[in-house]
Amino acid sequence: HRVSASVGVTLFGDHPGERVEEPLKRADMAMYQAKLAGRNALCFFDPKMQTAINDRAQLETDLRQALITQQLVLHFQPQASLQGEVVGAECLLRWQHPQRGMVPPGQFIAVAEESDLILHIGQWVLHSACTQLARWQEQPQWAHLQLSVNVSARQFRQSDFVHQVIETLQVTGARAHLLTLELTESLVLDNVEDAIDKMHQLRTKGVRFSVDDFGTGYSSLAYLTRLPLHQLKIDQSFVRNLGSRPSDDVIVQTIIGMGRNLDLEVIAEGVETEAQKAILAGHGCDLYQGYLLARPMPVADFERSLGGPAAPPQ
């Protein structure tokens, strides 16, 4: 049996009067850094580690406060047909921090996912999206709009996830067929049978499903044909290189062809140029989303972009 070790090292004796627990804590931090570096390694304690841990702890504390004081907001990025008709939007989370300003998701989602916060945030996003759908249902010009909501792995794996979604739809009064839940390939593949069961239960209620970032995981027709999907979402990493990297053109064309053969809607994200849109149109892509159409925006701006007066802030 071969044994490897991850070792954390720190100096002691430079801080007279410090408790024995302090150098042990520093060594422990360094040991975890050695593990992150690939294991079977040695790492010396760096004061920056303590700073990073303190910053993360403060961010988590602030994020918990954000849920209580309603600092989180949803922005909406339009999704449109190739003819330019807006059919709906993707809900994107934003954090308006009173001191930090607008905090991008990349700075706090990872912290949320490492704690139970992602469950509370996920439920808040779902409820907010359904509440918005219910409001639009009262306006004939917006009653057809759909909303896509990203679902985290931890949120989806909850035993009562199906109940949460159904209850949220009932409480808000939103129409289920206007709600699309976006799941990643890795989430689905982690437990295919559980995913299929939950998706089927929600599909019977009318909820739609999309595979987000399609093409970046280990897709296979074996599981794709078993999932009750409505949509494939082409990852923006492929869209970005359309026209400049032939392999990405082939991948995009293959995904669109796969979607058509399986009678699935295909949407491309990250569309930024007319050239990219033209290539997608040539391959038969159904919908697109990206800066070419619009950046994510508050709901009032989204409604104004559709024409007609925007609803007052809620």
Side-chain angles (χ1 to χ4, degrees), residues 75-92 129 133 142 144-151 177-189 199 203 206-297 302 305-307:
H75 281 201
F76 300 82
Q77 186 168 36
Q79 298 175 336
S81 68
L82 290 168
Q83 291 72 40
E85 178 189 0
V86 175
V87 299
E90 179 180 0
C91 297
L92 298 169
L133 284 174
W142 297 332
H144 68 286
L145 293 174
Q146 305 173 19
L147 283 179
S148 296
V149 174
N150 291 282
V151 178
H177 71 280
L178 297 175
L179 174 67
T180 298
L181 300 181
E182 294 193 3
L183 311 176
T184 62
E185 292 181 61
S186 58
L187 186 160
V188 173
L189 287 174
M199 292 170 72
R203 180 167 181 169
V207 178
R208 291 162 45 92
F209 286 94
S210 174
V211 176
D212 192 19
D213 300 339
F214 190 77
T216 60
Y218 299 95
S219 309
S220 72
L221 288 175
Y223 88 83
L224 195 61
T225 55
R226 297 177 58 201
L227 297 175
L229 294 171
H230 296 82
Q231 184 185 83
L232 301 180
K233 195 168 192 179
I234 304 173
D235 186 65
Q236 59 184 328
S237 62
F238 300 123
V239 175
R240 186 182 303 118
N241 297 309
L242 283 176
S244 60
R245 185 182 295 174
S247 60
D248 284 2
D249 285 54
V250 173
I251 290 173
V252 167
Q253 187 174 0
T254 301
I255 293 173
I256 295 173
M258 185 184 302
R260 286 190 170 278
N261 290 332
L262 295 174
D263 197 26
L264 299 175
E265 188 178 80
V266 179
I267 180 170
E269 65 176 351
V271 182
E272 298 183 355
T273 68
E274 289 290 352
Q276 293 169 346
K277 180 181 175 182
I279 294 173
L280 290 165
H283 293 322
C285 187
D286 301 300
L287 301 169
Y288 70 99
Q289 172 185 340
Y291 290 173
L292 178 64
L293 180 62
R295 291 175 178 269
M297 63 189 86
F302 177 71
S305 73
L306 298 173

Kindly indicate, with the supporting measurements, whether the criterion side chain to side chain donor-acceptor pair (under 3.5 Å) is fulfilled by Gln236 and Glu269.
CA-CA 5 Å; Gln236 59 184 328; Glu269 65 176 351; 4.8 Å; no

Rounded to the nearest 0.5 Å, how far apart are [atom1] of [X] and [atom2] of [Y]?
X: Leu181; Y: Arg203; atom1: CG; atom2: CZ; result: 13.0 Å
X: Gln276; Y: Asn241; atom1: CD; atom2: CG; result: 8.5 Å
X: Thr273; Y: Ile279; atom1: OG1; atom2: CD1; result: 7.5 Å
X: Gln146; Y: Thr180; atom1: CD; atom2: OG1; result: 5.5 Å
X: Glu265; Y: His230; atom1: CD; atom2: NE2; result: 9.5 Å
X: Ile234; Y: Leu280; atom1: CD1; atom2: CG; result: 6.0 Å

Under 4.5 Å between any side-chain heavy atoms of [X] and [Y], yes or no?
X: Phe302; Y: Gln77; result: no
X: Leu179; Y: Val149; result: yes
X: Leu183; Y: Met199; result: yes

Closest heavy-atom pair and its distance - [X], [Y]:
X: Val86; Y: Pro78; value: CG1-CB, 4.3 Å
X: Tyr291; Y: Pro296; value: CE2-CD, 4.1 Å
X: Asn150; Y: Glu90; value: ND2-OE2, 2.8 Å
X: Cys285; Y: Ile256; value: CB-CD1, 3.7 Å
X: Ala268; Y: Val239; value: CB-CG2, 4.0 Å
X: Leu178; Y: His144; value: CD2-O, 3.6 Å

Trp142 and Leu306: CA distance, side-chain angles, deciding distance, side chain to side chain contact (heavy atoms under 4.5 Å, CB included) verdict:
CA-CA 9 Å; Trp142 297 332; Leu306 298 173; 3.8 Å; yes

Treating Asp286 as the side-chain partner and Ile267 as the backbone partner, does any N or O pair qualify as donor plus acceptor under 3.5 Å?
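Such a contact is absent between Asp286 side chain and Ile267 backbone.
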
Examine distances only and state if a side-chain atom of Gln289 and a backbone atom of Ala89 form a donor-acceptor pair shorter than 3.5 Å.
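No, the answer is negative, given that no donor and acceptor are paired below the 3.5 Å cut-off.
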
For Glu182, which of Lys233, Gln231, Arg208 qualifies under side-chain hydrogen bond (donor to acceptor under 3.5 Å, both in side chains)?
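Output: one option passes, namely Lys233.
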
Under the side chain to side chain contact (heavy atoms under 4.5 Å, CB included) criterion, do Leu292 and Glu274 qualify, and how do the steps go?
CA-CA 7 Å; Leu292 178 64; Glu274 289 290 352; 4.0 Å; yes

